[in-house]
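This report concerns only the one structure given below.
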Amino acid sequence: MYREPIDAIITCTCPPPTAITMEAVGYRLVKSTPMLDIDFHSHAALGKRKPPDLDECRWSSCSLFCKLESLVGINGLPKLKGVWAGVAEIPLNISSGPYLTQTSGHIDWWPLASFNILGNASIVKVFP
Amino acid sequence: MIRRTRRTAETYIAYENTLICYEGVQLFLGKKESQKYICLAVPSRESDSRFMCAPVLDPIFDQYMFQQIDLYALIKSSKKLFWIDLESETQQGYLLNKISSPPAEWFPDRQVFARSHNVEYRGFSAPQSNNMSIANHPIHIDGRWDAKDLSTFPDLFTDSYSFLYALNNSVAAFRASVRGIFDRYPWRGGFSTVGFYDDLYSKIPRTHRVSIQGMNYNSPGEITLSASSTVLSQISGSIDEFNNNLDQVHDAYKLLHDGMSHRELLGRSVDEIDHNEDDVSFVERATRNLAVKMKFEKLDELLTLSGGNWIVSAKILLSYYRRLKQLFDFLDTGKAVL
């Protein structure tokens, strides 16, 4: 049902019961334009090392930001400079899958397997 | 390029709080007892999990978290820099390796602010207060604003806000933190009051301070301030009294001011004043009168924080009147409406 095997997570309920499907948009940095499927992989799917203070469910979410300007800051971090091709805007709703907006203005999104990300997301900013 | 220096003692830090996690952890907070370390992922040919860590002072870290400085400034605030490897955790934590001259590419760009964090910082507890709900308030502006107006208006507003906030927040811990400020100043007049308002401001929890949330400079335009609704309403109420009954408010001020001056209660500190019961009786009556006329509703709280001393309370109220009058004069130009 979900794009990533979050049903297999046993350490917590995933997605959390507080996740919602109200209409919204989220922004994500992508490494190529046109976008590729891998641009929307979670940290878990990318095989990154999970920090001790984040749970597996969050680690298996697709990380989005509510505001474009927050992503511009990410682009200025030493290991991420020059890595990105642009910013994609993703519509969030009942068909895209549940998400949780954190107080930091960040969105944890668990895409449904049935949701065609590449067909619904659009590039809203291209980096030179 | 990286020069390692000899360590006198090995220091280890614990992983405390992820702050940015994008393509793996990019920024986290480490800790050694109460010392905070900001740790930033850096490119390295030797390891994919290398971080540069800078010990940071609490007030500077707070400034960063409240977006008053960027990440570059936070790291540069530290004289010492270290590197750690996130893959090399020991039982004691992560070993800090001192570096004297990190490569330029290890630093972030300017204008990377805390708004880019995507994991919550758990170190702030919600400030305690009663009846101090914080909300955005639009202040309508008009006319032509000089650059000086942009500093004058917030300064005048912030002084009045700091004073009333201190009197409104009755949480015991906050009261204890501001009580000393009311005692500390000699209240001889003039410059002795300048630090009073700054000190009060410094005690307000950061999320309760006046902050500019938005600005639309047009005629008419708008400045959106985040502030306590209770305090803003009290300032606004007093400004209305100035608007409607300026002569009466000013007469009440003159009565108290001139009466205290005549009794030689103004130019000297409280310890230097030789006063009698008649002096105190006059000051109490005239202070109560001024408080009513300027719709100042916190006289009991002011008296309590002033240790029950009417002369100190009167001096502080006179000082507050002068600040409020300056704010009224600014608003009276029509450039802003509370």
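Being a predicted model, the structure only gives us computed values, none of them experimental. Below, chain A is the first sequence line, B the second, and so on; all start at residue 1.
- Annotation: A:K125, atom NZ; neighbour count of heavy atoms from other residues, nucleotides and ligands within 6.0 Å does not exceed 12.
- Between chain B and the options A:L29, A:V83, A:L46, heavy-atom pairs under 4.5 Å are most frequent for A:L29.
- The existence of a salt bridge linking B:E87 and A:R49 is confirmed by a sub-4.0 Å separation between a basic side-chain nitrogen and an acidic carboxylate oxygen.
- Here the CG atom belonging to A:D53 is positioned 10.0 Å from the CD atom belonging to B:E120, to the nearest 0.5 angstrom.
- What you find for A:L54 and B:V119 is that their closest heavy atoms are CD2-CG1, 3.7 Å.
- Chosen from A:H41, A:K67, A:K79, the residue pairing most often with chain B at heavy-atom distances under 4.5 Å is A:K79.
- Using the six-membered ring where Trp is involved, B:Y22 and A:W84 have ring planes that are perpendicular, over 60° apart on the 30 and 60° scheme.
- Residue B:D70: no heavy atom, backbone or side chain, is found under 4.5 Å from chain A.
- Atom OG of residue B:S116 and atom NE2 of residue A:H106 lie 11.0 Å apart, to the nearest 0.5 angstrom.
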Exercise. Show your working on side-chain contact (heavy atoms from CB on, under 4.5 Å) between B:L71 and A:L77 and close with a plain yes or no.
Key: CA-CA 9 Å; B:L71 182 59; A:L77 296 172; 3.9 Å; yes
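- Closest approach of B:P43 to A:P78, counting heavy atoms only: CD-CB, 3.8 Å.
- Side chains of A:P51 and B:Y15 form a contact here, defined as non-hydrogen atoms less than 4.5 Å apart.
- Applying the 6.0 Å contact sphere to CD1 of A:I94 captures no more than 12 heavy atoms from other residues, nucleotides or ligands.
- The candidate with the highest count of non-hydrogen atom pairs below 4.5 Å against chain A, out of B:F28, B:F107, B:Y72, B:F113, is B:F107.
- Around atom CG of A:N93, more than 12 heavy atoms belonging to other residues, nucleotides or ligands sit under 6.0 Å away.
- Between chain B and the options A:H43, A:R58, A:K48, A:E69, the largest number of non-hydrogen pairs under 4.5 Å is found for A:H43.
- To the nearest 0.5 Å, atoms CG (B:N118) and CG (A:L64) are separated by 10.5 Å.
- Put simply, CD on B:E23 and OG on A:S63 are 10.0 Å apart, with the number rounded to the nearest 0.5 Å.
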